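Shown next, in structure tokens, is the structure this report addresses.
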Amino acid sequence: MEESLSTSFVQDVRTIIDTSRQKAVRSVNSCRVEMYWNLGKRIFEEEQHGKQRADYGTFLIQNLAKEIEPQYGSGFSVRQLQLCRQFYRTFPIANTLYAQLNWSQYKLLISIDDPDKREYYMLEAVNNAWTKRELERQINSLLYERRLLSNDKENVLAVARKERIPENPEEIIKGPMVLEFLGLPRLPHYYEREIESAIINHITEFLLEMGKGFSFVGCQKRILIEDDEFFADLVFYNRVLRCFVVIELKTDKITHQDIGQLQMYMNYFDRCEKWPDENPTIGILLGASKNDTAVKMTLPLDNRTIFAAKYEMYLPSTEQLIKEVNQAKKMVAQKKDDGEDGVC
């Protein structure tokens with residue numbers, strides 16, 4: 001008589017196999033990175049012997065590729081060997097490499113000229129276990145530049161290095177938010193519920209865009225005040241700031257009425273949901289556009305809990321995004337000069 005296997009036993013066996021396979025992949029990736037670093041080091045050393053000839057490096061790599069590519073394959077082409085040399089020159093100390101990162105991720109990192117920017121993306125990729133695709137997406141959406149909108153470079157790098165913990169919302173909340181991962185077609189207008197549904201369907205990507213410490217609590221949170229019902233669009237909790245974060249989506253320009261509605265939701269969470277040892281609720285108005293003057297006049301000068309942020313439905317070109325980031329920088333600098341906070 002054939003006996004059935006217990007579910008827990010089968011699951012344990014599957015876990016053992018999956019874990020071993022994952023370790024094997026990580027080991028292969030680590031060995032590959034080490035191999036390319038050593039290749040780059042050896043090529044660079046050989047180049048130094050012929051440094052009196054300006055074209056020696058190109059000559060060396062081209063001839064080396066002719067020798068080894070037929071035997072070892074396209075992983076040792078001229079372009080790949082050039083990347084190996086660039087890899088070594090970018091990271092000349094082997095023990096500064098991270099075993100958590102694979103060769104595809106390092107190829108993205110060595111394309112970044114700014115050493116501070118490169119370090120930021122490298123550390124954040126390690127800290128957040130980003131895949132190659134996620135790292136590429138963060139680089140293309142100018143995450144580093146957007147972080148610098150409301151933070152100085154030293155603080156941004158200190159957080160990435162885990163030398164300090166973010167202490168205020170400005171260090172975590174960024175703008176503009178880029179939501180190209182929703183995959184919505186280019187239409188002149190969307191209803192708020194359509195964008196909300198798309199966010200729920202892509203909640204992992206949205207949490208990545210939101211940043212450190214966010215966890216999803218729920219959508220359309222029902223708030224009953226006497227006989228009146230209200231519904232908060234999206235509710236999150238941030239374990240770094242230790243507070244609720246309420247997001248209201250707006251497909252039109254943000255108005256002062258929207259700010260008043262969000263403030264009511266925040267008051268509800270502060271009075272009915274948060275624990276005594278937690279921090280006050282943060283509110284984010286996420287809109288397609290905003291009247292900065294109206295927002296500024298509606299919020300108190302010492303505001304630290306309500307943020308108006310613009311979203312981009314599609315990933316703009318690097319030039320367009322840099323232009324928007326630079327414009328936002330000027331606005332933030334002006335607000336700091338005026339002694340104001342709270343608008344991304």
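It should be emphasised that the depicted structure is a prediction, and the values quoted were computed from it without experimental measurement.
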Is a side-chain donor or acceptor of [X] paired with a backbone partner of [Y] at a separation under 3.5 angstrom?
| X | Y | result |
| --- | --- | --- |
| S197 | E194 | no |
| Q80 | S77 | no |
| D152 | E154 | yes |
| R242 | P280 | no |
| R118 | I110 | no |
| S215 | Y237 | yes |

Roughly how far, to the nearest 0.5 Å, is the [atom2] atom of [Y] from the [atom1] atom of [X]?
| X | Y | atom1 | atom2 | result |
| --- | --- | --- | --- | --- |
| K221 | Y268 | NZ | OH | 5.0 Å |
| K107 | R79 | NZ | CZ | 8.5 Å |
| I199 | L234 | CD1 | CG | 5.5 Å |
| T251 | R193 | OG1 | CZ | 12.5 Å |
| I282 | L241 | CD1 | CG | 5.0 Å |
| Y121 | Y144 | OH | OH | 9.0 Å |

Taking the side chain as everything from C-beta on, heavy atoms only, tell me whether [X] gets closer than 4.5 Å to [Y].
| X | Y | value |
| --- | --- | --- |
| M264 | I225 | yes |
| L179 | F206 | yes |
| E171 | K212 | no |
| V159 | R147 | no |
| L101 | V126 | yes |
| I284 | E248 | no |
| Q82 | Q86 | no |
| N102 | R32 | no |

Distance-minimising heavy-atom pair for [X] and [Y]:
| X | Y | value |
| --- | --- | --- |
| K274 | N279 | CD-O, 3.6 Å |
| P92 | W37 | O-CZ2, 3.4 Å |
| I223 | Y265 | CD1-CD2, 3.6 Å |
| L81 | I61 | CB-CG2, 3.8 Å |
| P176 | R146 | O-NH1, 2.8 Å |
| S30 | A99 | OG-CB, 4.5 Å |

If you count every heavy atom of other residues, nucleotides or ligands that lies below 6.0 Å from [X] atom [atom1], does the total exceed 12?
| X | atom1 | value |
| --- | --- | --- |
| E34 | CD | no |
| D18 | CG | yes |
| D277 | CG | yes |
| I165 | CD1 | no |

| query | Are V235 and E273 close enough, and set up right, to give a side chain to side chain contact (heavy atoms under 4.5 Å, CB included), and what steps lead you there? | reply | CA-CA 12 Å; V235 182; E273 298 283 348; over 6 Å; no
same_hphob_cluster([X], [Y]) at 4.5 Å side-chain heavy-atom cutoff:
| X | Y | value |
| --- | --- | --- |
| L285 | Y191 | no |
| I93 | W103 | no |
| Y311 | I203 | yes |
| V78 | Y72 | yes |

| request: Show your working on side chain to side chain contact (heavy atoms under 4.5 Å, CB included) between L123 and Y98 and close with a plain yes or no. | output: CA-CA 9 Å; L123 293 175; Y98 288 87; 3.3 Å; yes
| field | F244/D270 under side chain to side chain contact (heavy atoms under 4.5 Å, CB included): CA gap, chis, key distance, verdict | value | CA-CA 9 Å; F244 286 102; D270 282 342; over 6 Å; no
| said: Under a plain distance cut-off of 3.5 Å, with no hydrogens placed, do E67 and N63 share a side-chain donor-acceptor pair? | reply: no
| Side chains of D258 and T255, donor plus acceptor under 3.5 Å | yes
| request: Would you verify whether the NZ or CZ of R186 falls within 45 degrees of the ring axis of Y314 while also being under 6.0 Å from that six-membered ring's centre? | output: yes
| side-chain contact (heavy atoms from CB on, under 4.5 Å) partner of W130, the single match among E136, E124, Q100 | E124
| task | Show the numbers, then the answer: is there a side chain to side chain contact (heavy atoms under 4.5 Å, CB included) between M122 and Q105? | result | CA-CA 9 Å; M122 180 173 66; Q105 291 169 309; over 6 Å; no
| query | Below 4.0 angstrom, N of the basic side chain to O of the carboxylate: do E205 and R137 qualify? | reply | no
| request: Give me the one residue out of F44, Y106, Y36 that meets ring pair (Phe, Tyr, Trp, His ring centres under 6.0 Å) with F87. | output: Y106
